[in-house]
There are 2 protein chains.
Amino acid sequence: MVRVRMSDVAARAGVSTATVSMVLNGVNGKRISPETQQRVREAAEAVGYKPNSVARSLRTQQTRMVGLISDTIASTPYAGRMLAGANDVARDQGHLVVLVDTERDAEAERLALQALNGQRVDAIIYACMWHRMVEVPPGLPEDAVLLDCAPVTGGRAAVVPDERAGGMAAVRELVAAGHRRIAFLDAEERFGLVASGLRYEGYLAVLAEAGIEPDPALHVRAEPVAGGGREAARRLLDLPAERRPTAMFCFNDRMAMGAYAEAHRAGLSIPGDLSIVGYDDQQLVAAELDPPLTTIALPHYEMGRWAMEVALGVRQADPAVPHLMPCPIIRRASVGPPPAQFGD
Amino acid sequence: MVRVRMSDVAARAGVSTATVSMVLNGVNGKRISPETQQRVREAAEAVGYKPNSVARSLRTQQTRMVGLISDTIASTPYAGRMLAGANDVARDQGHLVVLVDTERDAEAERLALQALNGQRVDAIIYACMWHRMVEVPPGLPEDAVLLDCAPVTGGRAAVVPDERAGGMAAVRELVAAGHRRIAFLDAEERFGLVASGLRYEGYLAVLAEAGIEPDPALHVRAEPVAGGGREAARRLLDLPAERRPTAMFCFNDRMAMGAYAEAHRAGLSIPGDLSIVGYDDQQLVAAELDPPLTTIALPHYEMGRWAMEVALGVRQADPAVPHLMPCPIIRRASVGPPPAQFGD
DNA sequence: AACCTTCAGTTAATCGATTAAACACACCGC
DNA sequence: GCGGTGTGTTTAATCGATTAACTGAAGGTT
């Protein structure tokens with residue numbers, strides 16, 4: 001791996017490095033004769049010249065690198081989709097992404113920010129792997145973009161999923177199928193999930209628009225994992241027949257997985273006896289349940305793209321209010337009409 | 001964000017930039033009086049000096065950045081664990097990781113390599129998200145490290161999971177519980193998974209060491225997803241009672257998920273009537289099945305660490321042969337003794 | 001007194017590009 | 001013959017650090 005410098009190209013082409021630079025960068029204000037351009041290009045090709053971005057960055061004050069600080073890359077399967085979205089945009093714009101995982105540690109965050117600042121990255125994205133409200137870490141540049149989190153103080157470009165609309169889409173799907181007794185298997189409040197309140201708002205909004213009186217007994221809370229979903233489903237199925245739900249909207253796909261298990265135990269078929277909608281479109285799971293789960297997808301890829309587009313100035317953002325990214329419904333096979341005795 | 005240069009610190013402390021550099025970098029061969037050191041440090045603190053790594057890199061010819069080329073960050077939930085391992089080591093060594101996703105496209109790979117080379121990263125890791133044999137892309141430096149893949153031609157430092165040992169651990173667990181009729185729910189050959197052959201080798205090796213004659217009817221293949229697992233399990237459970245397996249070793253957790261479903265349909269309890277072991281320890285799934293799945297974990301985090309350690313020279317690797325990373329068994333609740341009538 | 005060491009720093013070259021300003025030359029008009 | 005204009009290219013400063021080589025003063029030796 002020999003290092004070829006611009007001066008090597010210049011020497012071979014019999015010109016100065018200035019000329020080489022202008023030719024190779026296609027500087028348009030300057031006029032270089034076509035013959036010289038040709039010679040320079042051939043020389044560069046011949047010696048296998050590859051520009052040294054470090055030197056270029058020093059001079060131009062841009063590194064064409066974007067820092068991506070994330071609170072956890074390891075522990076969620078969604079992280080990849082965000083990274084992919086951000087990465088695709090970065091690539092198209094000729095940028096590279098520098099990834100730092102801070103594991104939600106304030107000191108690590110400080111260090112990361114310092115390192116990225118030292119590397120003079122052109123922009124910074126601060127990403128969370130769960131939709132959260134965050135205290136913006138001190139030292140985060142004004143123009144940093146927040147991804148899947150919103151600043152408690154406001155005033156930063158940020159993108160989060162439109163959880164309320166997602167909740168509405170889920171419940172509308174059930175209402176459209178004819179259900180009127182629709183349960184919401186929510187996460188317990190102690191987990192402090194902002195998604196929980198918003199999805200519930202969506203749930204209530206659609207019931208209202210459909211003229212359905214919400215039944216408090218159908219809003220149950222549990223741990224947002226399969227076990228919790230199972231337990232919540234059991235409580236609902238234990239209700240007297242006339243108060244029992246014909247459909248369940250689950251806070252996430254894992255709870256839906258638990259609800260499936262409990263439905264099977266109770267001898268109920270899905271969607272014949274019970275319809276279920278999840279949330280997250282968790283890869284390797286939602287599509288593999290039996291029957292495949294109708295769910296609301298979290299738009300991680302799109303949010304990753306959005307954040308990178310704003311970071312690189314391809315798109316403008318209003319820092320006053322977080323951008324709400326739509327959560328599309330993924331229709332599979334877990335929703336059907338309510339059982340006959342409940343039909344109308 | 002004012003840019004403070006070293007010369008600003010030097011001016012404030014009344015010394016030259018050389019002195020500032022020596023003090024701040026703790027160059028030990030050089031002697032700077034304690035008082036001067038003190039003054040320099042105070043000046044640096046006062047003006048908020050942060051070194052410009054771009055300039056430093058240009059001079060020292062090291063960037064303290066490592067390139068990580070991956071074939072897909074988006075589509076697998078394991079990617080995060082690899083990244084986390086690599087990232088942790090990089091951080092401890094004062095390095096940053098630059099991530100590029102090539103989506104298995106040769107042209108994108110070429111571009112990525114060129115970009116990383118241009119940025120003069122100190123090392124390169126080439127990562128796959130499924131254990132594969134790969135053609136090393138042209139232009140990949142000699143000292144690049146392969147992660148979760150092995151070069152078809154050999155000769156590069158590489159790390160892959162020890163699939164054979166993992167298969168052995170899985171089957172030993174079942175043998176130890178008393179099973180003798182153990183099925184292997186394998187992936188179909190057309191998927192070209194190197195893990196498949198190796199896990200099967202492990203399966204056969206343990207049967208041999210336990211003195212169990214392998215029954216070809218118990219080696220079934222299907223698509224390595226839940227549906228495939230279900231179908232494979234059905235074929236096995238349809239066998240006449242005396243040839244039916246009492247335990248199933250599944251190629252992956254998704255197939256195990258299908259096997260669970262089929263077992264329930266057949267009215268079999270796990271692990272009372274049927275024991276199951278998976279592979280992958282897929283997050284958000286293996287632990288959430290009911291009962292929680294005993295499985296073999298893929299050591300993604302450890303492989304990520306190993307690769308980064310080798311890349312940064314913290315650890316030596318033998319390029320002649322890929323390093324085999326152990327796959328630990330994760331004991332949960334899906335393995336028990338065989339049903340009484342099969343006991344001995 | 002002449003010479004050598006040691007100490008505490010400074011000077012200046014260097015890394016490899018970019019780019020404003022200067023320069024050389026040809027051509028043109030009067 | 002002289003200034004003006006255009007063209008094509010070079011010169012040299014610059015980005016912000018690192019570091020080998022040097023300097024100048026103080027102290028020690030013979």
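Chain letters run A, B, ... following the sequence lines, proteins first, then strands; residues in each count from 1.
Position along DNA chain C of the nearest nucleotide to Ile32(B) versus Ala55(B) favours Ile32(B) as the more 5'-ward residue.
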Donor-acceptor contacts under 3.5 Å from residues 45-59 of chain B side chains, at least two apart:
residue  : atom : partner   : partner atom : Å
Asn52(B) : OD1  : Val54(B)  : N            : 2.8
Asn52(B) : OD1  : Ala55(B)  : N            : 3.2
Ser53(B) : OG   : Gly118(A) : O            : 3.1
Ser57(B) : OG   : Ser53(B)  : O            : 2.7
Ser57(B) : OG   : Gln62(B)  : O            : 3.2

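Residue Thr60(A) is classed as a sugar-phosphate contact, given heavy-atom separations below 4.0 Å to backbone atoms only. Residue Thr19(A) is classed as a base contact, given a heavy-atom separation below 4.0 Å to a base. Here Ser21(A) lies in heavy-atom contact (under 4.0 Å) with a base. Within 4.0 Å of Val15(A), counting heavy atoms only, lie sugar-phosphate atoms of the nucleic acid but no base atom. In this structure, Thr36(B) reaches the sugar-phosphate backbone alone: every heavy-atom distance under 4.0 Å involves primed, P, OP1 or OP2 atoms, never a base.
Taking the charged nitrogens against the carboxylate oxygens, Arg110(A) and Glu107(A) do have a contact shorter than 4.0 Å, which makes a salt bridge.
Note: CG (Leu24(A)) to P (dT19(C)) measures 13 Å, nearest angstrom. Taking atom NZ on Lys50(A) and atom C1' on dG16(C), their separation rounds to 16 Å, with Å as the unit. Straight-line distance from the CZ atom of Arg31(B) to the P atom of dA25(D): 17 Å, rounded to whole Å. Gln38(A) places its CD atom 17 Å from the C1' atom of dG8(D), with the value rounded to the nearest Å. Atom CZ of Arg120(B) is separated from atom C1' of dG16(C) by 9 Å (rounded to the nearest Å). For the pair Gln119(B) CD and dC15(C) P, the computed distance is 20 Å after rounding to whole Å. The separation between Met6(B) atom CE and dT14(C) atom C1' is 14 Å, rounded to whole Å. As a whole-Å value, the separation of Met22(A) CE from dA17(C) P is 15 Å.
One N or O on the side chain of Asn25(B) and one on the backbone of Ser21(B) form a donor-acceptor pair closer than 3.5 Å. Checked by atom type and distance alone, the side chain of Glu163(A) never pairs as donor or acceptor with a backbone atom of Val194(A) at under 3.5 Å.
Taking side-chain N and O atoms only, Tyr49(B) has a distance below 4.0 Å to OP1 or OP2 of dA17(D). Contact annotation: Gln61(B) does not reach the phosphate of dT18(D) (side-chain N/O to OP1 or OP2, under 4.0 Å). Between Arg56(B) and dT18(D) there is a side-chain polar atom (N or O) within less than 4.0 angstrom of OP1 or OP2. When the side-chain nitrogen and oxygen atoms of Asn52(A) are compared with OP1 and OP2 of dC15(C), none of them lie within a distance under 4.0 Å. Between Ser33(B) and dG9(C) there is a side-chain polar atom (N or O) within less than 4.0 angstrom of OP1 or OP2.
Not a single donor-acceptor contact under 3.5 angstrom links the side-chain atoms of Arg5(B) to the base of dG16(D). With hydrogens and angles ignored, a donor-acceptor pair closer than 3.5 Å exists between the side chain of Arg59(B) and the base of dT14(C).
Rounding to the nearest 0.5 Å places OG1 of Thr102(B) at 11.0 Å from CG of Leu111(B).
The side chain of Ser16(A) lies closest to dT11(D) when the candidates are dT11(D), dT18(C), dT10(C).
Within the structure, every pair that satisfies the side-chain hydrogen bond (donor to acceptor under 3.5 Å, both in side chains) test and touches residues 119-129 of chain B, not counting sequence neighbours, is listed here: Thr63(B)-Asp122(B), Glu109(B)-Tyr126(B).
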